[in-house]
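None of these values were measured; they are calculated from a predicted model. Along the sequence shown, residues are numbered consecutively beginning with 1. Values reported hereafter were calculated over all heavy atoms of this structure, with side chains retained and with hydrogens, waters and symmetry mates removed. We count ligands from 1, going down the list as the structure has it; atoms in each ligand are counted the same way.
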Amino acid sequence: MREFILYGGMIVSDSEVVAADLWVADGKVAGWLAPGAGEKLAAARPGVRLISANGLYILPGLIDVHVHLREPGLEHKEDFVSGTEAAALGGVTTVLDMPNTIPPVTGPKELQDKMAKAEGRLTVDVGFYGVVGRDNLDAIEDLAAAGAVAFKMFLGPTTGEIRPPEHGALFAAFEEVARTGLPLVVHAEDREVIEYWQNRLAGLGDTYGHFLQSRPAYGEAAATELAIRLAEATGARVHIAHVATAEGVDVLRAAKERCEYVTCETCPHYLTLTEADWPRLGNKLKILPPVRSTKDQKRLWEAVQDGVIDVIATDHAPHLDAERTGKSLWDAPAGAAGLETMLPLLLDSVNRGRLTLPDVVRLTSERPAEIFGLAPRKGSLRPGADADLVLVDLMQRRVLRGEALRTRAKSTPFEGMEVQGVPVATYLRGELVASQGDLVSTARRGRVLTPGSR
Ligand code: DOR
Ligand code: ZN
């Protein structure tokens, strides 16, 4: 029995911060002990190690439900090794991997290939999405049977150009996913609206203003509304990805009054950056859906604080700077790496009084685990849960630098930002995987999570 006690720290749940020692045995949380009781227990039980968490907060490891690990097909941007090491360094112990790889995860064979490639190369746990595309409705059930943890539908155009089912067939697609009981994550932007504006604006210029005009907020609101209507009509559990507009928030707020199984997420870039950062960041700011105005940002913060937004996820979408530089805004690839910067940014928000530590746990562990069926094993530090932990120091400061990141992208839109609050140790099932900004274990004991392994 491998046991240790983290003593002298503060344990954080989604509702409270408690001075307590955390007892871990065989990779699981064994219990919370009154301060001082951990040292007594260790003295009485030979083989129990004592590890000081003095001055630190102990949170459940983050569950990032929106990550593009890029393997197979785009390994020069990221792969299972680099992406899950980046996760561990960022305090993220579970990631859900998006299906817009090459090939995309349209059927069980593609899913099984991903699982086989991931075996033995993961530093944190990974679950895989299947895609709901134009031609694979007959594969949805098989994807679920093969172990997909959720489905993704791209209503709007993005990296990989995975088209959704025809407009008229969307009902059948939602119904098919509803039958599996798994969440359907929707990239909610209206494709036809975007294509119309892109064509109309072509040749007129490529300022950030043109880019925003090509992806109008009403396109996000309309696609969000459509996805919710389909969820209500079919019983599919819809989760709206990366909400970026005030209008999108308004649609979700109204829908949540009547429909309990609609959930949504936003991302740190929408809460931190605005269009005003374009002159400084250039193509590093190109992310889909786009980062917009301070008005949108304000509405998103309100929705995070009052619970309309359930989850904060990274949308970790690495691209190399070399792929971005010298390109027009239209031609540059879209997306930003985020696994190593999400927790520092959220902790900085705690220091600024915008969030509490329990909010962070609710938004990045507790709710993700509930929505994606990973609870009670993941998402909390209740006894019996996997001992996936992140220790954070709210005092330490760090300047975020792309060059210093483990992700293969070596790039961040938060370049040069100084934050206060950093993860200092990450444990996966009781094993220390990252400490003080360095990887510790190269054992790669991360597992592929499937609904059956919960
Ligand atoms: O900016 C984005 N990049 N948005 C997406 O929806 C996809 C992602 C990617 O895969 O690059
Ligand atoms: Zn994405």
Next item on the list: Answer yes or no: is there a side-chain heavy-atom contact under 4.5 Å between L363 and V311?
Entry: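 With C-beta onward as the side chain, the pair stays apart.
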Margin query: With heavy-atom distances below 4.5 Å as the criterion, would you say the side chains of H242 and I287 are in contact?
Written below: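 Counting from C-beta outward, H242 and I287 never come under 4.5 Å.
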Check: Given D79, which of R121, K114, K117 fulfils the salt bridge (Lys or Arg N to Asp or Glu O under 4.0 Å) condition?
Finding: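 Filter result, single survivor: R121.
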Item checked: Candidates E85, E431, E119 - the one meeting salt bridge (Lys or Arg N to Asp or Glu O under 4.0 Å) with R444 -> E85
Item checked: Carboxylate-amine/guanidinium proximity below 4.0 Å for R70 and D97 ->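 Salt bridge absent between R70 and D97.
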Item checked: Salt bridge flag under 4.0 Å for residues R362 and D359 -> yes
Check: Is it the case that R215 places NZ or CZ above or below the six-membered ring of W197, under 6.0 angstrom from the centre and within 45 degrees of the axis?
Finding: no
Item checked: N, O or S atoms of the protein lying under 2.8 Å from the Zn ion (ligand 2) -> H66 NE2, H68 NE2, D315 OD1
Next item on the list: Starting from the C-alpha separation in whole Å, work towards a yes-or-no answer on side chain to side chain donor-acceptor pair (under 3.5 Å) for E192 and H167.
Entry: CA-CA 11 Å; E192 285 189 27; H167 194 75; over 6 Å; no
Check: Does one side chain, of E265 or H66, offer a donor that lies under 3.5 Å from an acceptor on the other?
Finding: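 There is such a pair (donor and acceptor under 3.5 Å, judged by atom type) between the side chains of E265 and H66.
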Margin query: Taking non-hydrogen atoms within less than 4.0 Å of ligand 1, which protein residues qualify?
Written below: H68, R70, N100, T158, T159, H187, H242, I287, L288, D315, A317, H319, A334, G335
